[in-house]
Every structure is written in C-alpha cells, then in structure tokens.
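Working notes, beginning with the structure itself.
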Number of protein chains: 2
Amino acid sequence: MDDGARKMTTLVETATNPPAHEVIYRKLRDQILFGEIAPGQALTIQGLADRLNAGMTPVREAIRRLTAEGALVFQGNRRVCVPQLSAANISEIIYARQWLESHLGLRATERVTPSDLAHLTAIDTALDRAIVAGDLRSYLENNYLFHAKLYDLADAPILAEMAERLWLRFGPSLRVVIGRIGTQNLPDKHKDMLNCMRTGDSEGAARAMREDMLQGMEQIREMLNLESAAH
Amino acid sequence: MDDGARKMTTLVETATNPPAHEVIYRKLRDQILFGEIAPGQALTIQGLADRLNAGMTPVREAIRRLTAEGALVFQGNRRVCVPQLSAANISEIIYARQWLESHLGLRATERVTPSDLAHLTAIDTALDRAIVAGDLRSYLENNYLFHAKLYDLADAPILAEMAERLWLRFGPSLRVVIGRIGTQNLPDKHKDMLNCMRTGDSEGAARAMREDMLQGMEQIREMLNLESAAH
DNA sequence: CATTTCGGATTTTGATCAAGTTTTCTGCCG
DNA sequence: CGGCAGAAAACTTGATCAAAATCCGAAATG
C-alpha cells in the first residue's frame, strides 16, 4: 500500500542519515581544502568540538581520518594543524602529479560521454564566472570540481584517490596564492583540455592536464620562495 | 591518601605510554599488511574489540584511520573488510609503483650512508634466512622492511607515504601468492639493488627497484587470473 | 633593583569507558 | 512475497581519569 511512500527519507528533518563523524569530516575537509583554516594554525579537539557544536568523539574520528590523509599533522604538543609546505614538498607533489594527472586525463578522455562533457563544460563556465567576479571561494571549488570529475571519469579508483589526497596537501597554499595575485590572469588550460576531449585527442588531453597542473604548482613554489626570501 | 599505592606502573602488560588506539592501529595494520586477515572477511567493531580485549572507542579510531588509508573498506552494511584486488587495481598499482619505486630508489642511493647500507644488508640477510627456512611471515616482514627502509632513506616523505600506502593494498594478496608458490624460487633483485647502492649507481638502483616490484606484482596478477579462470 | 629561572599548583586537554539512543539486519508470520 | 517484531550493532553523549601545558610566585643572580 501507498507505494509512493516506500522510503520517505527525503523530507525536511531526516538530516540524521549521514552520521555526525562523517558530516564533521566533510566539513573540516572542505575547510582545509579551500584554505579556510590557515596552515600552521593550531587546532585542538575540544576547540573544534565547541566551534562545530558537536561532541568530541565524532571530532576525534574526523581528526584521525584527516591526519591519516596528511591533511592535518600532529604538532608535537597537544595540537594539530594543517601542514605548511616546504620547497621540497612542492617538488614531490609536482613529481607525483605529473604522472597522475596526465594518466588520469588520458583515461578520462578515452571514456568520456557527451553527458560528462556537458557537465565538465558547465563546471568550467562556473569557473570563468568566478574569475570575472573575483569570487575566490567559488574559483577554488570549481577548479577542484573540474579535476575531481576528471579523476572520476578515469575509472581508476586507486590513482584517483592518490590524486585527491594530494589536493589536500597543496589546497591550503593555493588559497594563499590566489588570494594574493587575484583571480585575474590565472592560467586556465581547461579550454584546451575540453577541446582535446571533444575530439578524442587523449594524448593532447594528458598534455593539457599536465601543463595546467604545472602552472598552478609553480605559482605556489614562487610564493614560497618569496616568503622564505622575506624571512 | 593511601600514598603507598602511588603508581603501580609495573603490571604485566600495560606499557601505557603509547595510547590504546595507536597500539590497536599498529596491530591491525600489521595483520592486514602481512595477510593475517583474509581479504573479504567481514569485521565488526565490537568483534574486534572483543578479539583484542579493548574498548570499542579505540577500535573505532583505528578503523577510521585504516579505512582512510584504503586498508579497509566499508562493505555496504555495517561491516568492513580487507578489499580484494581486481585485475584493474593491479594495473593501477603497477603504474603508480613504477615511478614511485624507481624515484625513491634513485634518491635513496644518492643519500645512503655506510651505516644505512649495513642495515639494509642485514635485512636482506634475514630475508634470505626466511626463504631457506620457509618462514612465510618472516619473509613478508623483511621484504617490507627492506623497501620501507629505502623509502625512508629517500628523504621524500610525501612520496614515501604514497608508496607505503600501496603496500597496504597488495600486501594481503602477496601473502596468498607466496603461501601458494612457497618461499623458494622467489625473485630477489635486492642483491642487485645493494650492489648498485654500494657503487653509487643510482640509475641502476632505480632499475633494480622497478624490476623487483614488477616481478612481485606480476605474480599477484597471475594468481588473480588463475582464480578468475577457476571461476 | 631588575631579570631570569625553577618548582609547584591550577587548568586545560586528551583518552577511555559505560550507558542510552538510533539504525539496520534478520527471522518469522500473515 | 511483504511487513512486522526482536536483536545486534553502531553512533553519540556525558563522565571520569590521567597527563601535559600554562601560569604564578619566589628565590637567585647579574
């Protein structure tokens, strides 16, 4: 009887479906990924529990996941913080992303459907709007979404996870970089990328991904050099 | 009051210095890495808490870390298990390890000290003893230790962490493979590796690492093919 | 006399446990 | 075959205990 109501999970109140530790994890992850938590800023479990209006057990579990992912590090004493990148770290990330991005881009191009292409194009359009509007947060989000969608299309879950994890490492620094130089004159190889995908040029797509990555990472590296020079 | 009973740190087991969740994490990690928990076998939080004589809060945290690392996966219902590798997964891991192992091997060779070389040689000797003795567990442990030590020497923490995480993925399968074909006629490029490191031939060391990895991974792939053929 | 350093007390934080609540699976009965 | 009831597991909260860090004052030294 009443077939329509099989599973009324939808309506207003049942936000209880995802467990609290999962919600907290996602919230913290986003805040780290998009640079809302400054690198080096000390965080305590209880402080986060208060700030997020949550018990401290779910916060503990979220912290365990994030430290396991390298998004947070223990700070010797009783605090965690998002790590600050060193020049050596940047080189490591560039080396890894060189292989990951190009391979994932190539595989994604081999598998992309017209529907996926429309989705990617929509993300890129939103990204352009964010640039002209100078909307930093929206730029960062859509830039991430573009790459994450590509990883997903590549149908290589282990490599995709490795690539996503690296975003957690340089994401915070990306925010600082873009925050300084503004959203204007940003490199954007996404148009090349999309063109290659439309024509099935998987080699070209791989090259575009690699170049897009390199430009972004080099900007981070330059900022780091300036900072260390400023002493 | 009752000063006499100040602090009996003595009792048999409680070296309470490392927190319980850390101890449990390491124990589970080792059991997974060396294949003592069969892939696919369902695990529950309470079941583990009973089995390890621990409260369930520390077990929860250990599980969060391990799932974040890909060593465990949610199994839809409320169970976790060690994931079973697919043929596609093997190819992904091979692709990633190809550039990770060679790069780390190269960097390790550039930085190795005589003391490190002695340590590596000792590990390899223990590994040989394990082979002739047919000691499966010891073989797996020393094989892992050899590579982990190399990662450490490479002084590239992010890449090393990526490489170590991959071990958690194929480690369980490695146990199954070696368990079947025995510890005899195992490939061992470690001798080549050590020779290259002694002479400072970093390119050769990188090549040896890559070949050692490839031989091991191909054995896993073959076993997987046989199993799927057996249907 | 000012400054620093050392030791102890206070306070904050983390770790673990036990109980209550909610969700989900399973087996049974219509 | 589908829904209902019981049970088991997970999730969350609050409390308790232990350990670390901070704070403060006194004493010593320049």
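Lettering of chains follows the sequences in order, A, B, ..., and the numbering in each one begins at 1.
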task = Would you kindly give the CG-to-P distance between B:L72 and D:dA10, to the nearest whole Å?
result = 13 Å

remark   = Looking only at C:dG14, C:dC17, D:dT12, the nucleotide nearest the A:M56 side chain is C:dG14

request  = Look at the side-chain N and O atoms of A:R64 and state whether any lies under 4.0 Å from the OP1 or OP2 oxygen of C:dA15.
outcome  = yes

key: Nearest heavy atoms of A:A42 and A:Q75, plus distance in Å   = CB-OE1, 3.9 Å

task = For A:R60 and C:dC17, give me the distance from atom CZ to atom P, rounded to whole Å.
result = 11 Å

ask   = Starting at CD of B:E61 and ending at C1' of C:dC17, how long is that distance when rounded to a whole Å?
value = 12 Å

query = Which part of the nucleic acid, if any, lies within reach of B:T44 when heavy atoms closer than 4.0 Å are counted: base, sugar-phosphate only, or nothing?
reply = sugar-phosphate

request  = Ignoring hydrogens and angles, state whether a donor on the side chain of B:S86 or B:N89 is under 3.5 Å from an acceptor on the partner side chain.
outcome  = yes

ask   = Do the side chain of A:R79 and the base of D:dA21 come within less than 3.5 angstrom through a donor-acceptor pair of N or O atoms?
value = no

task = Report the nucleotide, chosen from D:dT13, C:dT16, C:dG14, that has the shortest atom-to-atom distance to any side-chain atom of A:I45.
result = C:dG14

remark   = Rounded to whole Å, the CZ-P distance (A:R78 to C:dA15) equals 7 Å

key: Distance in angstrom units between B:F74 CZ and C:dC25 P, rounded   = 14 Å

query = Using a distance-only test with no angle check, is there a side-chain donor-acceptor pair under 3.5 angstrom linking B:T113 and B:D116?
reply = yes

Rounded distance in Å - CD (B:Q75) to P (D:dA9) = 15 Å

Length of the CD-P vector between A:E22 and D:dA10, whole Å = 16 Å

inquiry  = Tell me which one of B:W167, B:Y151, B:F170, B:Y139 satisfies ring-ring contact (aromatic ring centres under 6.0 Å, His included) with B:Y144.
reply    = B:W167

key: Whole-Å distance separating the CD atom of B:Q46 from the C1' atom of D:dA8   = 8 Å

